[in-house]
Amino acid sequence: MEKKLYKAGNGWGLFIPSTILKLLKINPETDVVEYVVENDVLKIKKVKPENNAE
């Protein structure tokens with residue numbers, strides 16, 4: 001799937017369809033994601049919450 005980036009403030013954004021978010025089990029309202037760049041490839045992965053009792 002090819003997508004174009006869009007201007008967002010001083011940076012650029014990428015639209016992620018809700019179907020992909022569901023497949024990855026990412027809730028954009030509550031989950032945090034991490035960007036990783038490896039060999040010219042951008043990987044976006046969900047950060048697993050820590051099970052710390054506070």
First locate atom [atom1] of [X], then atom [atom2] of [Y], and finally report the distance between them rounded to the nearest 0.5 Å.
X     : Y     : atom1 : atom2 : value
Ile16 : Ile26 : CD1   : CD1   : 6.5 Å
Tyr6  : Trp12 : OH    : CH2   : 11.0 Å
Lys3  : Leu14 : NZ    : CG    : 8.0 Å

Practice item. Measure across Tyr35 and Leu42 and return the closest heavy-atom pair with its distance rounded to 0.1 Å. Key: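 Closest pair (atom of Tyr35, atom of Leu42, distance): CB-CD1, 4.0 Å.
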
Exercise for review: Check Ala8 against Gly13 and note the closest heavy-atom contact, atom names and distance.
Suggested key: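 Heavy atoms only, the tightest pair is CB-N, 4.2 Å.
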
Review point. Within the distance-only criterion (no hydrogens, no angle test), does the side chain of Asn27 pair as donor or acceptor with the backbone N or O of Glu29 below 3.5 angstrom?
Key: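 Looks like yes, one N/O pair under 3.5 Å.
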
Check your understanding: Under 4.5 Å between any side-chain heavy atoms of Met1 and Ile20, yes or no?
Key ->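 In contact.
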
Exercise for review: Taking the side chain as every heavy atom from C-beta outward, state whether Lys45 and Val33 have any atom pair closer than 4.5 Å.
Suggested key: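 When only atoms from C-beta onward are counted, Val33 and Lys45 do not touch, as no gap falls below 4.5 Å.
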
Review point. Around atom NZ of Lys7, are there more than 12 heavy atoms of other residues, nucleotides or ligands at under 6.0 Å?
Key: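 Yes.
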
Exercise for review: Tell me, yes or no, whether the heavy-atom count around Lys25 atom NZ, taken from other residues, nucleotides or ligands under 6.0 Å, exceeds 12.
Suggested key: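 Check fails, neighbour count at 12 or below.
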
Review point. Excluding sequence neighbours, so at least two apart, what forms salt bridge (Lys or Arg N to Asp or Glu O under 4.0 Å) with Lys46?
Key: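 Per chain and number, Lys46 pairs via salt bridge (Lys or Arg N to Asp or Glu O under 4.0 Å) with Asp31.
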
